[in-house]
There are 2 protein chains.
Amino acid sequence: MNMSADVGDLVQIDLARVRATRGALAASDSVQALADTFSALGDPTRVRILDALSHGELCVCDLAAVLRLSQSAVSHQLRLLRGLRLVRPRRDGRVVFYSLDDQHIMAIFRQTLQHVEEGRKPGAGVREPRTAKRAKADR
Amino acid sequence: MNMSADVGDLVQIDLARVRATRGALAASDSVQALADTFSALGDPTRVRILDALSHGELCVCDLAAVLRLSQSAVSHQLRLLRGLRLVRPRRDGRVVFYSLDDQHIMAIFRQTLQHVEEGRKPGAGVREPRTAKRAKADR
DNA sequence: TGTTCATATGAGCAGTTTCTCATAAATTAT
DNA sequence: ATAATTTATGAGAAACTGCTCATATGAACA
């Protein structure tokens, strides 16, 4: 284990800037919360679930049909999304309807899509066609 | 392999709603792009990198010092973020400075934090303290 | 009460991820 | 050129993810 750049190692580190930046960092609570949430959004299946629900509530059963996934897979994912309050259940008899729990999410989708589109613009040629994530993507 | 709810299985599926919703789903390109991007944001280390860079550009070396990570780890993560055009490199001699490549990201961070805060509000008691993601979180 | 339908959950496998170590590549200075 | 410094990358280990299968739980109805 060699943390390489513990401030103090005599590398060419701009100590002033390092300390200043450190002082301005977000609380680790916030960092963790952000990562948890994005992590939940960082899966095609869950994006599709949220996208589907954005058009209105659906029961687990219909949701599975819409996305052509097994009921079990959908249920597992819903539990995760529920835990992060991204979706909300409403029981009606033996059926459970799910809906988006927070309109922020769709706004975030929109903005993120904007970021993505931004990249496909004429100007700057794409340096690296995103090989890294593609792996997971094409699974 | 039992896709359970292929439309046609005679379960209690609302065929009309299923088909309607299907027609309104986002293109799989967009879904994939969203998932790829969120996936990149869904890791504490990368969130911290972006947060640090949001205060101004930093060379790899300083960034590693700020976050107390190895140079190698930072470099690997930067490659990933670069691939998704979340950060951009600028070479100056043998040093490479990285900066945020898109202001959208900080806006997305802000909105996502809003979502998170929303949950900590007085009203609705937290049903499930986010056990699922905690695992990864506490790694 | 017992059966049926809808949803939830536990276990386990196959594929990914992220880190570390070792080493290559790039750039400046001697 | 050679050495020194900074960044990039490949390989491999340990941990994590998302799916399926099997089964439990919950609600409605005979």
Side-chain angles (χ1 to χ4, degrees), chain A residues 1-5 9-14 35-36 39-40 42-49 58-65 67-83 87 89-98 127-128 131-139, chain B residues 1-5 9-14 35-36 39-40 42-49 58-65 67-83 87 89-98 127-128 131-139:
Chain A
M1 184 197 314
N2 173 7
M3 287 316 226
S4 145
D9 284 15
L10 277 302
V11 244
Q12 297 300 76
I13 291 181
D14 183 338
D36 284 352
S39 199
D43 174 83
T45 297
R46 289 189 291 267
V47 168
R48 293 203 303 144
I49 289 177
L58 287 170
C59 66
V60 178
C61 176
D62 285 0
L63 192 48
L67 305 179
R68 299 184 211 264
L69 287 170
S70 73
Q71 175 267 318
S72 181
V74 171
S75 210
H76 275 297
Q77 298 293 26
L78 285 173
R79 165 151 80 154
L80 204 164
L81 295 173
R82 217 194 306 138
V87 303
R90 171 178 80 78
R91 181 144 221 151
D92 180 12
R94 38 186 152 188
V95 180
V96 177
F97 287 93
Y98 278 86
R127 248 174 235 277
E128 203 162 341
T131 324
K133 279 327 227 182
R134 263 290 167 264
K136 169 174 189 181
D138 296 333
R139 178 185 352 154
Chain B
M1 185 194 316
N2 173 8
M3 287 315 227
S4 145
D9 284 12
L10 276 301
V11 243
Q12 296 301 74
I13 291 183
D14 182 339
D36 283 352
S39 199
D43 173 84
T45 297
R46 288 189 292 266
V47 168
R48 293 203 303 143
I49 289 176
L58 287 170
C59 64
V60 179
C61 176
D62 286 359
L63 192 49
L67 305 178
R68 301 186 210 262
L69 288 171
S70 74
Q71 175 268 316
S72 182
V74 171
S75 210
H76 275 297
Q77 298 293 27
L78 285 172
R79 165 150 82 153
L80 204 164
L81 294 173
R82 218 194 308 139
V87 301
R90 172 179 78 77
R91 180 146 222 147
D92 179 12
R94 41 185 150 186
V95 180
V96 177
F97 287 93
Y98 277 86
R127 246 173 236 279
E128 203 162 343
T131 325
K133 278 325 226 181
R134 262 291 168 262
K136 171 175 188 181
D138 295 334
R139 178 189 349 157

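This one's a predicted model, so the numbers in the text were calculated from it and none came from an experiment. A, B, ... follow the sequence lines: proteins, then strands. Residue 1 opens every chain.
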Visitor: Provide, to the nearest angstrom, the distance between the CD1 atom belonging to A:I13 and the P atom belonging to D:dT5.
Guide: 13 Å
Visitor: Nearest whole angstrom, please: distance from the C1' of C:dT7 to the CD1 of A:I49.
Guide: 14 Å
Visitor: With a 4.5 Å cut-off on side-chain heavy atoms, are B:F97 and B:L58 touching?
Guide: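 B:L58 does not reach B:F97 side chain to side chain.
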Visitor: Looking only at the side chain of A:L80 (C-beta and beyond, no hydrogens), which of the listed nucleotides D:dG18, D:dT7, C:dT18 gets closest?
Guide: D:dG18
Visitor: Any side-chain heavy atom of A:R90 sitting closer than 4.5 Å to one from A:V96?
Guide: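 Heavy-atom side-chain distance check fails, nothing below 4.5 Å.
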Visitor: Side chain of A:R82, backbone of A:Q77: donor and acceptor closer than 3.5 Å?
Guide: no
Visitor: Once side chain to side chain donor-acceptor pair (under 3.5 Å) is applied, do any residues pair with A:R91, and if so which ones, sequence neighbours excluded?
Guide: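 In terms of side chain to side chain donor-acceptor pair (under 3.5 Å), with neighbours along the sequence ignored, A:R91 is linked to no residue.
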Visitor: Strictly under 4.0 angstrom, non-hydrogen atoms only: write out the protein contact profile of nucleotides 22-30 of chain C, one letter per nucleotide from the 5' end, B, S or -.
Guide: B----BB--
Visitor: Does C:dA8 have its OP1 or OP2 closer than 4.0 Å to a side-chain nitrogen or oxygen of A:Y98?
Guide: yes
Visitor: Relative to the 5' end of DNA chain C, which residue comes earlier, B:A73 or A:V95, by the nucleotide with the nearest heavy atom?
Guide: A:V95
Visitor: Stacking between D:dC19 and A:H76, yes or no? Criterion: centroid separation under 5.5 angstrom, plane angle under 30 degrees.
Guide: no
Visitor: Testing the basics here: between B:V87 and B:L78, what is the closest heavy-atom pair and its distance to 0.1 Å?
Guide: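 Minimum heavy-atom separation between B:V87 and B:L78: CG2-O, 4.0 Å.
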Visitor: Do the side-chain N or O atoms of A:Q77 get closer than 4.0 angstrom to the phosphate oxygens (OP1, OP2) of D:dT17?
Guide: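 So the side-chain polar atoms of A:Q77 never come under 4.0 Å of the phosphate oxygens OP1 or OP2 of D:dT17.
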Visitor: Quick one: side chain to side chain contact (heavy atoms under 4.5 Å, CB included) partners of B:S75, sequence neighbours excluded?
Guide: B:Q71
Visitor: Which part of the nucleic acid, if any, lies within contact of A:F97, taking any heavy atom under 4.0 Å across all strands shown: a base, the sugar-phosphate backbone alone, or nothing?
Guide: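 No contact.
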Visitor: C:dG10 phosphate, OP1 or OP2: any side-chain N/O from A:R79 under 4.0 angstrom?
Guide: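 Answer yes for this pair, as a side-chain N or O of A:R79 is under 4.0 Å from OP1 or OP2.
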Visitor: Give a yes/no answer on whether the side chain of B:S70 brings an N or O atom under 4.0 Å of OP1 or OP2 in C:dC21.
Guide: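 B:S70 to C:dC21 OP1/OP2: no side-chain N or O under 4.0 Å.
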